[in-house]
S.K.: 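Sharing a structure with you now.
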Amino acid sequence: MIKAITGTKDILPEDISKWYYVENIVRDVFSAYNYDEIRTPVFEETRLFARGIGEATDIVSKEMYTFTDRSDTSVTLKPEMTAAVVRALIEHSLDKKKALNKLFYISPMFRQERPQAGRLRQFHQFGAEALGSHSPMLDAEMIITAYDIISKFGLKHLQVKINSLGVPSSREKYKEILKEYLNPYFGKLSQESQKRFDINILRIFDSKDENDQKIMENAPLLIEFLDDESLEHFEVVKSVLLKAGIPYEIDPKLVRGLDYYTHTTFEVISGSVGSQSALCGGGRYNLLVEQLGGKDTPGIGFAAGIERILLACENEKSLELEDNKLDLYIVDIERANAEKIYNLALYFRRKGLKIEVDYAGRSVKAQMREANRCNARYTIMYGGEELERNETVLKNMETGDQKTFNIDDLDAITKTIVE
RNA sequence: GUGAUCGUAGCUCAGUUGGUUAGAGCGUCUGGUUGUGGCCCAGAAGGUCGUGGGUUCAAAUCCCAUCGUUCACCCCA
């Protein structure tokens, strides 16, 4: 048997209503904040991601689906969306047509990691990118938008964490200070953290090792070394969030792994998805557009994992989905009127009603069972002596009531069903 | 990439110290008289016991390999 690739999942009909539910909310809320949808190809030239995300990041160095196509171009299935959106912005000069571009997307992403709860190799994200403004109001708005969307799924115990990474120069300075602080403890750090010391020292804050955490308790924090402008920017973000009633907390240890972040970073965390608790993550990236060959354009964005959100919703049983109901099932009493019944079905279907009939010539009992399984609101019992009198029976499946109609009076039948 | 875990019908699982034709519940299909569902009852279909080797008179059960699952680490949404 050929199976789906490791880390990929079929979304079966029984689950599709959840996806519609999520996607509808996402589109509605983004629309309220005046975001327009953008769709980019699933694959791009490899160097876009290498340059945009950072050669040294885990995503680029060991997680991308990269291959050469038949014309020897190295292409990569998109592992995240920001670089692709920025590429499109530059390529189509969107920044010149409009001062501020507010874009959202819903799209599959690909990363070759070991699957676990809340992590797949093909997974789906929705997210947004706003390009063209330095305003801290926009940072706050982005966080509010993300929070608004996720709140609509009825999840409890959400945490919003924010931090500021400042500008690269102060961050570099800070890294040196952190190195000085950690040097005496180096031998006591966990192996993982010893590696991080050189590769990405900020990540040591994230360590799950108890001893590491103890050492980091008294470490100097990046936020203490921010320049005045970054601090002021951060102050505005916080005050807007406060007024909007977003229950945020400042997490000086919140470090994002992608190279392009500057200033504000944030995450929305849920306690009900297992170990991969970040439902959503994002931040400001003022240098990325220029880095990818565009004009100096500030940007900010976030991405949210749809599978993780659905996992949280399932664990909290927070989604209230309506049953998928069939309007009408037409039962062929004598199993001899297939063609007439099909035409009848056609009539109702073209009226926009959801109709099913039996294709297997089964017994009335079997057809009724099938109607029931389909959650049919009504059945028509077609045939028999009623048909001889040019009549047919409409049965309400919930109450069991039956009404007789003239077979030609389809309007009356439609009316009853629609009501 | 590392560690652990599990792999028996469509689904959830049972299968005793290796011993005859591998079981249950749910689901599916049919039927419980002539044209009516949800409950109930009866019957039927459905399994290369993940795959490949090995040990043994005998393997779903023991050993090895391999593929896959799940969870965690790393990292990230």
Side-chain angles (χ1 to χ4, degrees), chain A residues 1-7 9 12 14 53 56-63 79-82 106-127 146 150 190-193 195-196 199-200 203 206-209 255-258 266-270 273-283 301-312 326 329 331-337 360 362-388 392-402:
Chain A
M1 183 170 50
I2 298 173
K3 293 187 193 163
I5 299 286
T6 294
K9 284 259 187 302
L12 297 173
E14 61 198 50
I53 302 169
T57 58
D58 279 32
I59 291 181
V60 172
S61 65
K62 54 187 212 197
E63 293 171 5
E80 61 106 47
M81 194 66 177
T82 305
I106 303 175
S107 171
M109 303 293 164
F110 307 84
R111 282 154 37 181
Q112 188 162 2
E113 305 177 83
R114 236 358 205 279
Q116 71 184 78
R119 165 176 293 153
L120 290 169
R121 291 185 173 181
Q122 174 175 345
F123 60 104
H124 297 79
Q125 292 186 331
F126 65 82
I150 295 173
S190 66
Q191 272 196 342
E192 285 296 341
S193 287
K195 272 188 224 161
R196 286 189 268 230
I199 299 167
N200 192 347
R203 292 225 72 93
D206 278 350
S207 175
K208 287 170 185 172
D209 184 278
V255 179
R256 316 241 68 244
L258 283 59
F266 64 96
E267 275 184 4
V268 179
I269 309 279
S270 162
V273 287
S275 156
Q276 305 306 318
S277 58
L279 299 184
C280 153
F302 77 88
I306 298 180
E307 283 86 352
R308 282 187 191 176
I309 289 172
L310 288 176
L311 195 60
L326 191 71
Y329 191 100
V331 174
D332 186 353
I333 291 175
E334 289 135 336
R335 311 188 207 181
N337 299 303
R362 293 193 288 180
S363 68
V364 172
K365 182 180 199 148
Q367 292 182 66
M368 286 303 286
R369 270 208 264 256
E370 182 67 19
N372 205 58
R373 217 189 337 254
C374 293
N375 260 318
R377 295 168 48 235
Y378 287 92
T379 49
I380 278 180
M381 313 302 295
Y382 191 92
E385 48 191 51
E386 287 88 349
L387 186 60
E388 281 166 29
T392 194
V393 173
L394 181 69
K395 175 168 183 164
N396 181 323
M397 290 296 275
E398 207 178 314
T399 62
D401 292 346
Q402 301 196 160

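Order of the sequence lines sets the chain letters (A, B, ...), proteins ahead of strands, with each chain counted from 1. The figures here come from the full heavy-atom set of this structure, side chains too, leaving out hydrogens, waters and symmetry mates.
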S.K.: For A:I269, which contact category applies under a 4.0 Å heavy-atom criterion: base, sugar-phosphate, or nothing?
M.R.: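 Nothing, no nucleic acid heavy atom in range.
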S.K.: Base contacts versus sugar-phosphate-only contacts with protein, heavy atoms under 4.0 Å: please encode nucleotides 28-43 of chain B as B, S and - from 5' to 3'.
M.R.: SSSBB--BBBB-----
S.K.: Looking at A:Q367 and A:D332, would you say the former's side chain and the latter's main chain have a donor-acceptor pair under 3.5 Å?
M.R.: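 Yes, the answer is positive, given that a donor and an acceptor are paired below the 3.5 Å cut-off.
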S.K.: If you only use heavy atoms from C-beta on, which nucleotide in B:A72, B:C75, B:A77 is closest to the side chain of A:S275?
M.R.: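 The listed nucleotide nearest to A:S275's side chain is B:A72.
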S.K.: Who pairs with A:E386 by salt bridge (charged side-chain N to carboxylate O under 4.0 Å, His left out), at least two apart in sequence or on another chain?
M.R.: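 For A:E386, no residue satisfies salt bridge (charged side-chain N to carboxylate O under 4.0 Å, His left out) once neighbours in sequence are set aside.
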S.K.: Below 3.5 Å is the cut-off: list the nitrogen or oxygen pairs between protein and nucleotides 2-13 of chain B, distance only.
M.R.:
unit_1	atom_1	unit_2	atom_2	d
B:U2	O4	A:R114	NH1	3.1

S.K.: Can you name the side-chain contact (heavy atoms from CB on, under 4.5 Å) partners of A:I106, sequence neighbours left out?
M.R.: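 For A:I106 the side-chain contact (heavy atoms from CB on, under 4.5 Å) partners, ignoring immediate neighbours, are A:E23, A:V26, A:R27, A:F104, A:F126, A:I306.
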S.K.: Checking A:K62 now: which residues fulfil salt bridge (charged side-chain N to carboxylate O under 4.0 Å, His left out) with it, not counting sequence neighbours?
M.R.: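 Salt bridge (charged side-chain N to carboxylate O under 4.0 Å, His left out) list for A:K62, sorted by chain: A:D58.
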S.K.: Is the phosphate of B:C74, meaning OP1 or OP2, less than 4.0 Å from a side-chain N or O of A:K195?
M.R.: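 It does not, given that no N or O in the side chain of A:K195 lies less than 4.0 Å from OP1 or OP2 of B:C74.
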S.K.: Not counting sequence neighbours, which residues clear side-chain contact (heavy atoms from CB on, under 4.5 Å) with A:A366? List them please.
M.R.: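 Here the qualifying residues are A:R362, A:S363.
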S.K.: Does B:C11 have a Watson-Crick or wobble partner in any strand here, with both distances under 3.5 angstrom, and which is it?
M.R.: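 WC or wobble partner is B:G25.
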S.K.: Give me the distance, rounded to whole Å, that separates B:A65 from B:G27 when you measure between the C1' atoms they each carry.
M.R.: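 Each nucleotide's C1' atom is 36 Å from the other's.
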S.K.: Can you tell me if the side-chain N/O atoms of A:Q116 get under 4.0 Å from OP1 or OP2 in B:C75?
M.R.: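 For B:C75, OP1/OP2 do not have a side-chain N/O of A:Q116 under 4.0 Å.
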S.K.: Applying salt bridge (charged side-chain N to carboxylate O under 4.0 Å, His left out), can you list everything that pairs with A:R369, at least two apart in sequence or on another chain?
M.R.: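 In terms of salt bridge (charged side-chain N to carboxylate O under 4.0 Å, His left out), with neighbours along the sequence ignored, A:R369 is linked to no residue.
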S.K.: Could you work out, with side-chain hydrogen bond (donor to acceptor under 3.5 Å, both in side chains) as the rule, every residue matching A:Q112, not counting sequence neighbours?
M.R.: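 In terms of side-chain hydrogen bond (donor to acceptor under 3.5 Å, both in side chains), with neighbours along the sequence ignored, A:Q112 is linked to no residue.
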S.K.: Check whether any side-chain heavy atom of A:M381 lies under 4.5 Å from a side-chain heavy atom of A:T392, and answer yes or no.
M.R.: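 Contact flag for A:M381/A:T392 side chains = no.
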S.K.: Side-chain N or O of A:K208 less than 4.0 angstrom from OP1 or OP2 on B:C74?
M.R.: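 Looking at the OP1 and OP2 atoms of B:C74, one of them is under 4.0 Å from a side-chain N or O of A:K208.
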S.K.: Tell me, please, which residues at least two apart from A:R121 pass salt bridge (charged side-chain N to carboxylate O under 4.0 Å, His left out).
M.R.: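 For A:R121, no residue satisfies salt bridge (charged side-chain N to carboxylate O under 4.0 Å, His left out) once neighbours in sequence are set aside.
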S.K.: Students often get this wrong, so: under 4.0 angstrom with heavy atoms, is A:A371 touching a base, only sugar-phosphate, or nothing?
M.R.: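 It contacts nothing in the nucleic acid.
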S.K.: Does the side chain of A:K9 get closer than 4.0 angstrom to OP1 or OP2 of B:U70 through an N or O atom?
M.R.: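 A:K9 to B:U70 OP1/OP2: side-chain N or O found under 4.0 Å.
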S.K.: If you look at every strand shown and take non-hydrogen atoms under 4.0 Å, does A:G282 touch a base, only sugar-phosphate, or nothing?
M.R.: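 Since no nucleic acid heavy atom lies under 4.0 Å of A:G282, the category is nothing.
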S.K.: Quick one: side-chain hydrogen bond (donor to acceptor under 3.5 Å, both in side chains) partners of A:S190, sequence neighbours excluded?
M.R.: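 side-chain hydrogen bond (donor to acceptor under 3.5 Å, both in side chains) list for A:S190, sorted by chain: A:S193, A:D212.
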S.K.: Could you let me know what B:U56 is paired to, Watson-Crick or G-U wobble, both distances under 3.5 Å, or none if it's on its own?
M.R.: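 None - no nucleotide pairs with B:U56, as no candidate has both distances under 3.5 Å.
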S.K.: Name all residues meeting the side-chain hydrogen bond (donor to acceptor under 3.5 Å, both in side chains) criterion together with A:E267; count only those two or more places apart in sequence or in a different chain, and write none if there are none.
M.R.: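 Result, side-chain hydrogen bond (donor to acceptor under 3.5 Å, both in side chains) vs A:E267: A:R256.
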S.K.: State, with a plain yes or no, whether a side-chain heavy atom of A:D401 is found less than 4.5 Å away from one of A:L394.
M.R.: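 Not touching, per the 4.5 Å side-chain cut-off.
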S.K.: Give me the distances for all protein-to-nucleotides 46-48 of chain B N/O pairs that come in under 3.5 Å?
M.R.:
none

S.K.: May I ask which nucleotide in the shown strands pairs with B:U66, Watson-Crick or G-U wobble, both distances under 3.5 Å?
M.R.: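 Because both required distances fall under 3.5 Å, B:U66 counts as paired with B:G50.
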